[in-house]
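Below is one structure, written out as structure tokens; comments come after it.
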Amino acid sequence: MSAIAARDIWKSFAGTAALSGVSLALEPGSIHALVGENGAGKSTLIKTLTGVHRADRGTLSVGGREHVFHGPEEAIASGVSAVHQERNLVPAFSVAENLFLHAPPRRLGFLDTPRLYRDAETWLRRVGLAVSPRARASSLSVAQGQLLEIARALALQAKVLLLDEPTASITEREAAVLFERLRELSRAGRAMLFVSHKLDEVFALCDRVTVIRDGRTILEAAPRADLTQKDVVTAMVGRSITFGSRPAPSTAARSGPPRLELRGVSTAFGHTDINLDIRGGEVVGLYGLVGAGRTELARALLGLERITGGTVARDGVPIHIRDPRDALRQHRIGYVSEDRKGEGLILRHAIRHNVAITFWDRLAGALGFVTPGRERRAVGFTVERMAVRLASLDQPVGELSGGNQQKISVAKWLASDVDILIIDEPTIGVDVRTKEDMYGLVENAKTSGLAILVITSDLAEVIRISDRILVMAEKRVVHQTQNLGDYRTISEEILHAIV
């Protein structure tokens, strides 16, 4: 008997079909992969399974009994819990309060605060999250917030656990810890759905694979042992695709002067003696574990964290950046945030509006107004080049899939004609074909002369796209390597530097 089964599920939004007869069944003690391109309908299916959306047609059963969930609370009560791709934390609450938001421990009818924090410690250790249970959720990084959401789902003791891109913001080492926890849950009889664009993870962790494309089931519950990664990719995209190889590092870029240079930089966040430089036509990768201070360093460069010592120079001239607007207008520095929903995009606004916002001053007419027509003409080429799946440039960006939203996050900076681009987690929540497209865009931007700093938790990615790699640990740069060797040699060198 399936732990949960969905049969012939249909769901449309404003007349556009998101799911067209999708079927899925999860067995107790199994880790089942759900894969597909961005916009294929994976997140919609999960939201339908958990009562966030109501299916237009089809049936849903849990433990052999048919159910119609009217909200996530009913799904949780039936033993179905999900970790969604978007963060769902209450920023003003503590880590422990978020962890037990649905079922806080009580004693004599009142909140049992000592037990709340004591039990929180247990679940935080289960996912390897080294933060105080009393810390505010607002103080967590995106990756830490993701781990907290996973801990919360595990704490609910769900019989069915649905994980939508759970490793998108964590490193391979942190993912390995999580996978071991998931295997323990599987051995204990839990049924799990694992959604990921990282096929290496799918093949390392999952028992069966379901592929959906354009809202339809293409491959249902196929044994993972009978498949190759090529089989899965072909099912996802409808044809074979060829993955590009890593271009050779640019020697011309390395011989030029630094476009951006940090010397002995310290920050209020705790960075000490940071030395870093990026030249035009070069990609520098910044790798490290969650908590190493990579994102916080980028935010300091944008004026969002206070620099307490050292020098930041632009083309050899010391500069002081007050805020992101100053970084863009005065120093032509762009920043693709890892938190695309919270910082990178205005979800209710049109796609054209989100892309053009970085260069509105160039689009304004004599009276200072920016017309929709000017926006469409200015952003159309860039959006088309990014191969964004959209109804029109007037569509709200919040209606796009996570991967297409990420494309818009990058597109707005490529369209703004910056000289220096900082990209934090460039392929978070992005499918395999889009990931290749993104790598091509980074390579094209480098070829056009941009100086690019890429922050990523994906070891294979940082090796694939970087000319040089800096490794951070405990808010310091602990290692730097020229990316000239083979993958095995460089990865061993980087991991050795971290430990």
Side-chain angles (χ1 to χ4, degrees), residues 3 24-38 40-43 45-46 83 85 127 146 150 160-187 190-213 217-246 402-403 427-439 456-464 486-488 490-492 495:
L24 176 74
L26 307 184
E27 304 303 321
S30 174
I31 305 177
H32 192 125
L34 177 66
V35 297
E37 289 190 276
N38 293 119
K42 304 183 299 297
S43 294
L45 178 58
I46 287 180
V83 176
Q85 190 173 353
V127 297
Q146 182 76 339
I150 293 170
V160 178
L161 185 60
L162 312 176
L163 301 160
D164 191 359
E165 298 284 353
T167 64
S169 302
I170 61 179
T171 65
E172 291 180 13
R173 177 175 296 184
E174 291 152 347
V177 172
L178 173 63
F179 288 175
E180 187 53 40
R181 301 289 85 78
L182 297 181
R183 292 186 183 102
E184 290 174 4
L185 290 168
S186 174
R187 290 191 289 268
R190 301 292 193 275
M192 279 168 282
L193 182 68
F194 182 80
V195 179
S196 178
H197 290 306
K198 301 175 182 179
L199 294 186
D200 288 343
E201 293 182 347
V202 168
F203 277 75
L205 180 69
C206 300
D207 310 306
R208 293 185 174 274
V209 179
T210 290
V211 178
I212 61 176
R213 183 173 75 238
T217 304
I218 303 300
L219 197 65
E220 184 178 352
R224 185 261 303 154
D226 296 343
L227 299 171
T228 65
Q229 291 196 23
K230 183 178 179 180
D231 294 332
V232 174
V233 171
T234 300
M236 287 169 58
V237 304
R239 59 183 176 84
S240 297
I241 62 173
T242 302
F243 297 109
S245 58
R246 181 189 174 278
T427 60
I428 184 170
V430 165
D431 62 60
V432 288
R433 181 164 63 175
T434 304
K435 184 175 289 192
E436 289 297 315
D437 291 344
M438 199 72 74
Y439 295 160
T456 176
S457 302
D458 188 328
L459 182 59
E461 179 168 275
V462 79
I463 293 173
R464 165 71 184 275
D486 60 66
Y487 175 84
R488 181 183 297 275
I490 297 173
S491 60
E492 289 178 354
L495 293 175

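Values below: all heavy atoms of this structure, side chains included; hydrogens, waters and symmetry mates excluded.
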Correct closest heavy-atom pair for R213 and M236 would be CD-O, 3.0 Å
With sequence neighbours left out, the residues meeting side-chain hydrogen bond (donor to acceptor under 3.5 Å, both in side chains) with R183 are none
Quick one: pull up CD1 in I31 and CE in M192 and give me the separation to the nearest 0.5 Å. 4.0 Å
Test item: side-chain donor near acceptor, E220 and T210, under 3.5 Å: no
Can a donor-acceptor pair be found between the side chains of D231 and T234 at a distance below 3.5 Å? no
Any side-chain heavy-atom pair of D458 and V462 under 4.5 Å: no
I212 versus G41, closest heavy-atom pair with distance: CD1-C, 3.6 Å
Contacts of F179 meeting ring-ring contact (aromatic ring centres under 6.0 Å, His included) (sequence neighbours excluded), chain-then-number -> F194
Please identify each residue that fulfils side-chain hydrogen bond (donor to acceptor under 3.5 Å, both in side chains) with E27, with sequence neighbours left out. S2
Intermediate values then yes/no, side-chain contact (heavy atoms from CB on, under 4.5 Å), K42 and V211: CA-CA 9 Å; K42 304 183 299 297; V211 178; over 6 Å; no
List in chain and number order the residues that pass side-chain hydrogen bond (donor to acceptor under 3.5 Å, both in side chains) with D437, two or more places apart in sequence or in another chain; answer none if no residue qualifies. none
Minimum side-chain heavy-atom gap C206-H32 below 4.5 Å: no
Might you point out which heavy atoms bring S196 and T167 nearest each other, and give the distance in Å? OG-OG1, 4.4 Å
L45 versus L24: any side-chain heavy-atom pair under 4.5 Å? yes
What do the steps show when you test R187 against E180 for salt bridge (Lys or Arg N to Asp or Glu O under 4.0 Å), and what is the final call? CA-CA 11 Å; R187 290 191 289 268; E180 187 53 40; 3.2 Å; yes
Kindly compute the distance separating CD1 (I150) from CZ (R181), expressed to the nearest 0.5 Å. 12.0 Å
Considering all heavy atoms of both residues, which atom of F203 and which atom of L227 are nearest to each other, and what is their separation? CE2-O, 3.3 Å
Are E436 and R464 within salt-bridge range, i.e. N to O under 4.0 Å? yes
Would a 4.5 Å heavy-atom cut-off, applied to side chains only, mark V232 and V35 as touching? yes
Side chain of T217, backbone of L219: donor and acceptor closer than 3.5 Å? no
Is any side-chain heavy atom of M438 closer than 4.5 Å to one of E461? no
According to side chain to side chain contact (heavy atoms under 4.5 Å, CB included), who are the partners of D200, at least two apart in sequence or on a separate chain? Q229
Shortest non-hydrogen contact from L26 to A191? CB-CB, 4.2 Å
Is there side-chain contact between V195 and L163, with at least one heavy-atom pair below 4.5 Å? no
Side chains of V160 and R190, heavy atoms from C-beta outward: is any pair under 4.5 Å? no
Nearest atoms (heavy-atom pairs only) where G29 meets D207: O-OD2, 4.2 Å
Do L161 and L193 touch side chain to side chain, with heavy atoms closer than 4.5 Å? no
Sequence-distant partners of E492, side-chain hydrogen bond (donor to acceptor under 3.5 Å, both in side chains), two or more places apart: none
